[in-house]
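Everything on this sheet refers to the single structure shown next.
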Amino acid sequence: MIRTALILVRPLLRAVDWAPLAWTWPASAAVIVTAALTRGAVVSCDAVVLSRLSAGAMGATAGFALVDPMAYGALATPVPRWLRMWLRTALAAGAALAAWGTTLALIVVFLPQGSPLLAGDLALEAAACVLTGLSGAAVAVRLRPRHGRSAALAGAAAQFGLLTITLFLTAELWLWPLQDDPQWPVAHRLWLVLLPLPVTCLSLANGNPAGRWGHRVMAFFVGFFLGGPYARMKSSLLP
């Protein structure tokens, strides 16, 4: 199976829709450069905000890489769906986090000398944002593969759902503190606790959930991520 996966990497690299992610990277870089040129430098608090904006944008667009035309083709495929989807997920997550890493490096370049930046904690936030976007897209693509790009928009909806929920958390559970806030270490312990949730969602969506139970669990995730302003999209994704 490992040999099959390695053989699949090259054709999948050509088949994946990289355009949304490819456009997001220079857009994020342009925002950082504009902020630096406007202020003359990027201070630590701005650096944290810019890093989070970049991570959210990467996660929202990475889901387009999960659209798999072979999932609804008429012909049988020699490679199981779960293998194709996990490879797509790994490629998309790797590309999104690599793109985010380059934007973080760009932020560091514009930081004043001696300014602290907790890159490890920011990387944890970025991983959570990217995995959340991918999990929302993976569930939607699993339930309605023929919807293609419109199903992949669930990644952006997942990001919006994550942000909306966290904005209403109490001070003790606040996930978006600045570096000088005493809540910073507590928030990142919470990020570690939350990280398995999108991974579990990805496991259900990319695997072979059994019968109606698995289908209902995935439908719950779509309903959770696509509530509120995305009600119309949800109605088109769920049966």
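Quick caveat, the model's predicted, so the values are computed rather than measured.
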Would you compute the distance between atom [atom1] of [X] and atom [atom2] of [Y] and round it to the nearest 0.5 angstrom?
X    : Y    : atom1 : atom2 : result
L13  : R88  : CG    : CZ    : 10.5 Å
L190 : E172 : CG    : CD    : 10.5 Å
L167 : W176 : CG    : CH2   : 8.5 Å
I107 : S44  : CD1   : OG    : 11.0 Å
L66  : M85  : CG    : CE    : 4.5 Å
D180 : C45  : CG    : SG    : 8.0 Å

Pair listing, salt bridge (charged side-chain N to carboxylate O under 4.0 Å, His left out) test, anchored in residues 12-25, at least two apart: D17-R149
Residue pairs, two or more places apart or on separate chains, that pass salt bridge (charged side-chain N to carboxylate O under 4.0 Å, His left out) and touch residues 32-56: R39-D46, R52-E125
side-chain contact (heavy atoms from CB on, under 4.5 Å) evaluation trace for V199 with L131: CA-CA 7 Å; V199 175; L131 290 174; 4.0 Å; yes
So, do [X] and [Y] sit near enough that their side-chain heavy atoms are less than 4.5 Å apart?
X    : Y    : result
W100 : L122 : yes
V139 : C201 : yes
F64  : L153 : yes

R142 side chain vs G207 backbone, donor-acceptor pair below 3.5 Å: yes
What are the two closest non-hydrogen atoms of [X] and [Y], and how far apart are they?
X    : Y    : answer
L117 : A47  : CD1-CB, 3.9 Å
A119 : L104 : CB-CD2, 4.0 Å
L124 : W191 : CD2-CB, 3.7 Å
V48  : P177 : CG1-O, 4.4 Å
P116 : Q179 : O-NE2, 3.1 Å
A96  : A62  : CB-CB, 4.0 Å

Shared ILVMFWY cluster between [X] and [Y], side chains joined below 4.5 angstrom?
X    : Y    : result
W82  : V16  : yes
V42  : L37  : yes
L175 : L173 : yes
L192 : L97  : yes
L169 : L178 : yes

From CA spacing to verdict: side-chain contact (heavy atoms from CB on, under 4.5 Å), M58, T24: CA-CA 7 Å; M58 299 302 174; T24 301; 4.0 Å; yes
T89: side chain to side chain donor-acceptor pair (under 3.5 Å) partners, not counting sequence neighbours: N206
Partners passing side chain to side chain donor-acceptor pair (under 3.5 Å) against W25 (at least two apart in sequence or in another chain): T102
D121: partners by salt bridge (charged side-chain N to carboxylate O under 4.0 Å, His left out), with sequence neighbours left out: none
Member of L50, T103, L53, V33 meeting the side-chain contact (heavy atoms from CB on, under 4.5 Å) criterion with S28: T103
Step-by-step side-chain contact (heavy atoms from CB on, under 4.5 Å) determination, W86 to L202: CA-CA 9 Å; W86 274 117; L202 281 167; 4.0 Å; yes
Residues which pass ring pair (Phe, Tyr, Trp, His ring centres under 6.0 Å) with W184, listed by chain and number, not counting sequence neighbours: H188
